[in-house]
Amino acid sequence: MAITDFINEYSEVVQSSLVEQQAPISDLKAQMKEAVREVLHELAPPSRRAGAEKRKRVPVVVDGLRTSLSLHASLLSKTEDTLGTSKQARLLLNELANSKPADHPNRSAWVEEQLRHHLTLIKAEAAIKTAH
């Protein structure tokens with residue numbers, strides 16, 4: 001009976017000390033969010049995530065089948081500006097997409113590389129014409 005008397009007499013004191021030690025639910029959520037934020041920051045620091053450039057899907061036809069390329073939006077925009085119209089850019093993209101060698105694993109990467117070379121060549125030709 002001594003245990004029951006103790007529980008009855010001190011249950012309010014024990015309960016109040018236990019309740020004070022529990023973190024409120026909102027604090028628990030905040031702690032969990034902060035912990036997740038820290039883990040994400042360790043896995044992919046903001047500098048790496050923020051630096052990712054936007055890519056744009058561009059439909060093309062390769063060997064009679066419709067597919068798409070994933071190209072950097074800035075490169076696509078630069079191509080359209082250099083060639084004059086989006087139609088000319090699409091024609092060039094289709095031509096480049098169809099010229100990818102069979103042993104190259106990534107069509108989008110191939111087209112981007114060839115597109116950069118093509119734009120550099122156009123720029124060089126323009127520089128030669130203005131120099132003469």
Side-chain angles (χ1 to χ4, degrees):
M1 283 233 216
I3 293 176
T4 349
D5 292 336
F6 175 79
I7 291 173
N8 288 334
E9 191 172 329
Y10 292 103
S11 64
E12 289 181 22
V13 175
V14 171
Q15 184 179 6
S16 67
S17 66
L18 288 177
V19 170
E20 289 173 9
Q21 293 178 0
Q22 291 178 347
I25 299 291
S26 62
D27 287 345
L28 183 58
K29 275 186 176 180
Q31 290 172 357
M32 289 173 63
K33 284 181 182 179
E34 184 59 32
V36 169
R37 196 174 295 122
E38 286 176 12
V39 169
L40 290 175
H41 181 72
E42 288 175 15
L43 293 176
S47 61
R48 270 194 261 158
R49 286 185 287 159
E53 187 181 345
K54 300 274 186 206
R55 298 182 79 79
K56 186 173 180 182
R57 285 251 177 235
V58 180
V60 292
V61 177
V62 177
D63 297 328
L65 300 173
R66 290 171 45 184
T67 187
S68 65
L69 302 170
S70 177
L71 304 174
H72 284 97
S74 62
L75 182 61
L76 190 57
S77 173
K78 187 176 181 181
T79 303
E80 289 175 355
D81 291 344
T82 303
L83 297 178
T85 66
S86 61
K87 183 177 181 178
Q88 288 176 321
R90 277 186 272 124
L91 289 172
L92 178 60
L93 290 172
N94 268 308
E95 183 182 329
L96 293 174
N98 280 289
S99 69
K100 179 191 84 74
D103 63 339
H104 197 284
N106 187 330
R107 186 175 314 278
S108 295
W110 165 261
V111 170
E112 278 194 343
E113 180 182 345
Q114 298 306 310
L115 200 52
R116 284 189 179 95
H117 293 311
H118 188 79
L119 293 175
T120 303
L121 182 61
I122 290 173
K123 192 180 203 181
E125 287 174 349
I128 290 172
K129 286 180 183 177
T130 57
H132 288 268

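From a predicted model like this one, the values you see are computed outputs, not experimental measurements.
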Exercise for review: Output yes when a side-chain donor or acceptor of Asn98 lies under 3.5 Å from a complementary backbone atom of Val61, and no otherwise.
Suggested key: yes
Exercise for review: Grab the two heavy atoms, one from Leu96 and one from Gln114, that are nearest each other, plus how far apart they are.
Suggested key: CD2-CB, 3.8 Å
Exercise for review: State plainly whether the residues Arg116 and Glu113 are in salt-bridge range, i.e. N to O under 4.0 Å.
Suggested key: no
Review point. For atom NZ of Lys78, is the number of surrounding heavy atoms from other residues, nucleotides or ligands below 6.0 Å larger than 12?
Key: no
Check your understanding: About how many Å separate OG1 of Thr82 and NE2 of His118, when rounded to the nearest 0.5 Å?
Key -> 9.0 Å
Review point. Are Ile122 and Leu76 connected, step by step, through hydrophobic side chains (Ile, Leu, Val, Met, Phe, Trp, Tyr) whose heavy atoms are closer than 4.5 Å?
Key: yes
Review point. Where do Glu80 and Ser86 come nearest, in terms of heavy atoms and distance?
Key: OE2-CB, 3.7 Å
Check your understanding: Do you know the tightest heavy-atom contact between Trp110 and Lys100?
Key -> NE1-CA, 3.2 Å
**Study point:** Under the side-chain hydrogen bond (donor to acceptor under 3.5 Å, both in side chains) test, residues paired with His72 that sit two or more places apart
**Key:** Arg55, Glu112
Point to revise | Verdict with reasoning, Asn94 to Val62, per side chain to side chain contact (heavy atoms under 4.5 Å, CB included) | key: CA-CA 7 Å; Asn94 268 308; Val62 177; 5.7 Å; no
Practice item. Check Val60 against Leu69 and note the closest heavy-atom contact, atom names and distance. Key: CG1-CD1, 3.8 Å
Review point. What closest approach, in Å, do Ser108 and Ser70 show between heavy atoms, and which atom pair accounts for it?
Key: OG-N, 2.9 Å
Point to revise | Spacing of CD belonging to Gln88 relative to CG belonging to Leu92, to within rounding of 0.5 Å | key: 9.5 Å
